[in-house]
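For the numbers below, each heavy atom of this structure counts, side chains included, while hydrogens, waters and symmetry mates do not. The structure presented is a predicted model; accordingly, all values stated were derived computationally and were not measured.
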Amino acid sequence: MRIARFAKGDGVAYGVVEGELESGGAGRPPRPGLTIAELYGHPFGVDPGGVRLTGNRYPLAEVRLLAPVLPSKVVAAGRNYASHAREVAGEPPAEPVIFLKPSTSVTGPGDAIKYPVKITDRVDFEGELAVIIGRLCRQVPRERAEEVVFGYTCANDVTARDLQARDGQWTRAKGFDTFCPLGPWIETSIDASDLSLKAEVDGELKQDGRTSDLVHKIPELVEFVSGVMTLLPGDVILTGTPEGVGPIEGGQSVSITIDGIGTLTNPVEDV
């Protein structure tokens, strides 16, 4: 099931995206035949059982897709593909290296990635699989990780690479507003252990990896992160990026495609 958060007119709601997705390269727009069936209630509310269809359906082209969640926090795993670890910092870590991106960095599909040209000279894309947490949890053993995962979406861990190197820690480099695009929706019924992940800039393939190459797999990440902090419904865990990260410039467009989920596309805008 594909769960999207969308705006139509003055209202914001969740809905179920219906119809067949068109296969193909990153950046390809959804098929015109896709529709969204509006939901009453909130998938992350105190009574998920109270969520139901309202009966309203809209062509997907007539609504604006928003970031599928508004998390209390985004927890990201660094250097979690061996290929990427080697291209930026040597060997992958023996245990997960995690950092936080602020909730204000989250933005939705089609929204501009704001490039702060007065502060940084290099902004990079990083295509990633994002895990969406579905319930309040703490100290979850990896064997039970599936019980707390609501679903998965595409993410772009946008990074000011020069600031990352200069600061020695990553908060500023990864924390700017719009530096965490998420979308286009949450896929709740998929085995995320071996999915193709691709990133394109202006239609040119830059990253081509598989989630099976994660050094620390999703159950281990859930166990590790929840052992440190309580996770709330709607929180996000970014699982890492494969090799091929690189710079983006104002006027370009970045697309992250994950098989079985969809494509997240964002333009880049100088500010």
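Between E269 and Y115, every side-chain heavy-atom pair lies at or beyond the 4.5 Å cut-off. In this structure, the side chains of E147 and R135 come closer than 4.5 Å at one or more pairs of heavy atoms. T239 has its side chain out of reach of T211: every pair of non-hydrogen atoms, C-beta onward, lies at least 4.5 Å apart.
Between E223 and R144, none of the side-chain N atoms (NZ, or NE/NH1/NH2) sits under 4.0 Å from a carboxylate O, so this pair counts as no salt bridge. Salt-bridge check for K217 with D194: failed, with every basic side-chain N at 4.0 Å or more from each acidic carboxylate O. In summary, E126 and K174 engage in a salt bridge, as defined by a charged side-chain N under 4.0 Å from a carboxylate O.
Listed for the K101 side chain is no donor-acceptor partner under 3.5 Å among the backbone atoms of F176. At least one donor-acceptor pair closer than 3.5 Å links the side chain of R138 to the backbone N or O of S226. Using a distance-only test at 3.5 Å, with no hydrogens or angles considered, no donor-acceptor pair links the side chain of R2 to the main chain of G15. Looking only at distances, no side-chain donor or acceptor of E62 sits under 3.5 Å from a matching main-chain atom of P59. Of the possible donor and acceptor atoms, none in the side chain of T188 sits under 3.5 Å from a partner among the backbone N and O of I186. Side chain of R5 to main chain of A67: a donor-acceptor pair is present (N/O by atom type, distance under 3.5 Å, no hydrogens or angles).
E200 and S255 are not linked by any side-chain donor-acceptor pair at a separation below 3.5 angstrom, with hydrogens and angles left out of the test. Using a 3.5 Å distance cut-off with no hydrogens or angles, the side chains of K114 and T178 do not pair a donor with an acceptor. Counting only N and O atoms by type, the side chains of D235 and S72 include a donor and acceptor under 3.5 Å apart. Between the side chains of D202 and S253, no donor-acceptor pair of N or O atoms lies under 3.5 Å. Remark: the T241 side chain and the Q207 side chain contain an N/O donor-acceptor pair separated by less than 3.5 Å.
If you look at F224 and H216, their ring centroids are not closer than 6.0 Å.
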**Asked** Checking side-chain contact (heavy atoms from CB on, under 4.5 Å) for the pair L100/V74: CA distance, chi angles, key distance, verdict?
**Response** CA-CA 6 Å; L100 292 172; V74 177; over 6 Å; no

**Request:** Could you go through the side-chain contact (heavy atoms from CB on, under 4.5 Å) check for E18 and L34 one step at a time?
**Result:** CA-CA 6 Å; E18 301 173 326; L34 290 178; over 6 Å; no

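Rounding to the nearest 0.5 Å gives a distance of 13.0 Å between CG of L182 and CG of L65.
Nearest heavy atoms, A37 versus L53: CB-CD2, 3.8 Å. Between P184 and P109, the shortest heavy-atom contact is CA-CG, 4.1 Å. The two residues G110 and N266 have their closest heavy-atom pair at N-ND2, 3.7 Å. Residues G234 and P71 come closest through the heavy atom pair O-CB, 3.2 Å. Taking each heavy atom of P267 and D111 in turn, the nearest pair found is CD-O, 3.5 Å.
Among residues two or more places apart in sequence or in another chain, the side chain to side chain contact (heavy atoms under 4.5 Å, CB included) test is passed with V149 by V131, Y152, V222. Checked against salt bridge (Lys or Arg N to Asp or Glu O under 4.0 Å), D208 has the following partners two or more places apart in sequence or in another chain: K198.
When hydrophobic clusters are built by joining Ile, Leu, Val, Met, Phe, Trp and Tyr residues whose side-chain heavy atoms come closer than 4.5 Å, directly or via intermediates, V148 is grouped together with I218. L221 is not connected to W170 by any chain of hydrophobic side-chain contacts under 4.5 Å among Ile, Leu, Val, Met, Phe, Trp and Tyr, and they are in different clusters.
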